[in-house]
Undergrad: 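The following block contains the structure, expressed as structure tokens.
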Amino acid sequence: MSLFLIGMRGAGKTCSGRRAAALLGVPFVDADQRVEERAGQGVEAIFRELGEAAFRSLEREVTLELLQLPGAIIATGGGCVMDPDVRGGLCQLPGVIWLKASGEELSRRISGSNRPSLTGAPAWREIPQILSRREPHYLACARGTVDTEGRTVEDVARGLQQLWQELPHHNIR
């Protein structure tokens, strides 16, 4: 069984997921990194050169493959829950955890990063709009929620470590 981390960009899926995997001695997989490997370019370049639709298609393909991967902690792309097939797959799994934070906190965390804007608006304006569309899907898929607001990566990782240990068949590799 794998632990799938869902949530907005900036919620801590990659940082805390990687740290939790290290604590547990299990593989860590970042869906965005897999998308970049498959495309041969970074997320920002994919958005700029191929567009959001191409990125979402790759994200869908990669995430559907990762749904079959046992024994890992997997950081999904923030928008993967918008795809009905991905959402359906996630909703059937016991190890889906929503990492969440307020729109203000998410905006603060990603300001100055190379994460592409999805709407062309500044992060402080874009994040609340996107979050309002995605939040019902995060809620529908998640079997648990970890609020990352004001918490360190280490603290969140320790919480994920505990959730991993509660998963059925968590020792399958």
Side-chain angles (χ1 to χ4, degrees), residues 1-21 28-35 43 47 52-53 55-69 72-111 113 115-119 121 123-153 155-164 166-168 170:
M1 193 67 50
S2 287
L3 190 66
F4 289 85
L5 307 179
I6 62 173
M8 291 286 290
R9 57 193 162 142
K13 300 182 303 285
T14 298
C15 292
S16 29
R18 181 176 284 122
R19 179 66 185 130
F28 172 75
V29 179
D30 185 289
D32 283 346
Q33 183 179 4
R34 291 270 175 109
V35 166
V43 171
F47 268 80
E52 184 178 359
F55 174 80
R56 296 296 172 204
S57 177
L58 284 167
E59 179 181 59
R60 176 186 193 281
E61 181 182 304
V62 164
T63 307
L64 288 173
E65 291 170 12
L66 292 175
L67 292 176
Q68 308 307 313
L69 184 66
I73 294 182
I74 300 167
T76 65
C80 74
V81 296
M82 299 306 288
D83 182 277
D85 293 332
V86 169
R87 192 169 57 246
L90 286 168
C91 286
Q92 294 178 29
L93 299 173
V96 179
I97 306 299
W98 176 22
L99 299 189
K100 69 181 236 175
S102 69
E104 295 81 19
E105 177 69 10
L106 295 168
S107 297
R108 185 189 64 72
R109 288 179 186 174
I110 69 166
S111 70
S113 73
R115 297 173 193 238
S117 171
L118 301 179
T119 65
W124 62 269
R125 183 176 295 152
E126 177 180 86
I127 296 292
Q129 295 170 359
I130 295 170
L131 184 57
S132 70
R133 288 193 303 268
R134 292 181 183 173
E135 194 168 61
H137 300 303
Y138 292 143
L139 281 168
C141 294
R143 297 295 179 262
T145 302
V146 175
D147 190 341
T148 66
E149 186 111 10
R151 296 177 70 191
T152 66
V153 168
D155 186 34
V156 173
R158 295 255 179 230
L160 294 174
Q161 180 183 28
Q162 181 178 353
L163 290 168
W164 170 273
E166 295 170 5
L167 277 177
H170 70 274

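Keep in mind that what you see is a predicted model, and the values were worked out from it rather than measured. One-based numbering along the sequence shown.
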Undergrad: Going through the distances and angles, do R9 and V43 end up as a side-chain contact (heavy atoms from CB on, under 4.5 Å)?
TA: CA-CA 12 Å; R9 57 193 162 142; V43 171; over 6 Å; no
Undergrad: Nearest 0.5 Å, what's the CD-CG distance between Q92 and L67?
TA: 9.0 Å
Undergrad: Does the side chain of E135 reach to within under 4.5 Å of the side chain of W98, using non-hydrogen atoms?
TA: yes
Undergrad: Could you pull out all residues at least two apart from S2 that satisfy side chain to side chain contact (heavy atoms under 4.5 Å, CB included)?
TA: F4, A72, I74
Undergrad: Tell me, please, which residues at least two apart from E65 pass salt bridge (charged side-chain N to carboxylate O under 4.0 Å, His left out).
TA: R38
Undergrad: Please report the shortest heavy-atom distance between C91 and C141, naming the atom on each side.
TA: SG-SG, 3.3 Å
Undergrad: Among pairs that include at least one residue of residues 137-153, which meet salt bridge (Lys or Arg N to Asp or Glu O under 4.0 Å), considering only residues two or more places apart or in two chains?
TA: R151-D155
Undergrad: Kindly indicate, with the supporting measurements, whether the criterion side-chain contact (heavy atoms from CB on, under 4.5 Å) is fulfilled by D30 and K13.
TA: CA-CA 9 Å; D30 185 289; K13 300 182 303 285; over 6 Å; no
Undergrad: As a quick check of understanding, evaluate side-chain contact (heavy atoms from CB on, under 4.5 Å) for T76 and L66, giving each step before the final call.
TA: CA-CA 9 Å; T76 65; L66 292 175; over 6 Å; no
Undergrad: Do the side chain of S57 and the main chain of A53 share a donor and acceptor less than 3.5 angstrom apart?
TA: no
Undergrad: Test L64 against V86 for side-chain contact (heavy atoms from CB on, under 4.5 Å), laying out the working first.
TA: CA-CA 6 Å; L64 288 173; V86 169; 4.0 Å; yes
Undergrad: Out of curiosity, E104 CD to R108 CZ, how far, rounded to the nearest 0.5 Å?
TA: 11.5 Å
Undergrad: Are the side chains of V35 and E61 in touch, meaning some heavy atoms are under 4.5 Å apart?
TA: no
Undergrad: If the condition is salt bridge (charged side-chain N to carboxylate O under 4.0 Å, His left out), which residues does R19 pass it with, not counting sequence neighbours?
TA: E154
Undergrad: Measuring from atom OG of S107 to atom CE of M8, what distance do you get when rounded to the nearest 0.5 angstrom?
TA: 8.0 Å
Undergrad: Could you report the tightest heavy-atom contact between A31 and G77, atom names first, then the distance?
TA: CB-N, 3.9 Å
Undergrad: With rounding to the nearest 0.5 angstrom, report the OG1 to CG distance, T63 to L69.
TA: 12.0 Å
Undergrad: Got a sec, which residues hit ring-ring contact (aromatic ring centres under 6.0 Å, His included) with F28, two or more places apart in sequence or on another chain?
TA: none
Undergrad: Flag the pair L5 / L160 as yes when at least one side-chain heavy-atom distance between them is below 4.5 Å, and no otherwise.
TA: yes
Undergrad: If the condition is side chain to side chain donor-acceptor pair (under 3.5 Å), which residues does R60 pass it with, not counting sequence neighbours?
TA: D83, D85
Undergrad: Check whether any side-chain heavy atom of V81 sits under 4.5 Å from a side-chain heavy atom of L90, and report yes or no.
TA: yes
Undergrad: What pair of heavy atoms forms the shortest contact from R109 to A101, and how long is it?
TA: NH1-CB, 4.2 Å
Undergrad: Please give me the minimum heavy-atom distance between M1 and P94, naming the atom from each residue.
TA: SD-CG, 3.4 Å
Undergrad: Write down the atom of V153, the atom of C15, and the distance for their closest heavy-atom approach.
TA: CG1-O, 3.6 Å
Undergrad: Looking at CD of E166 and CG of L3, how far apart are the two atoms once the value is rounded to the nearest 0.5 Å?
TA: 10.5 Å
Undergrad: Roughly how far, to the nearest 0.5 Å, is the CD1 atom of I97 from the CG atom of L163?
TA: 4.5 Å
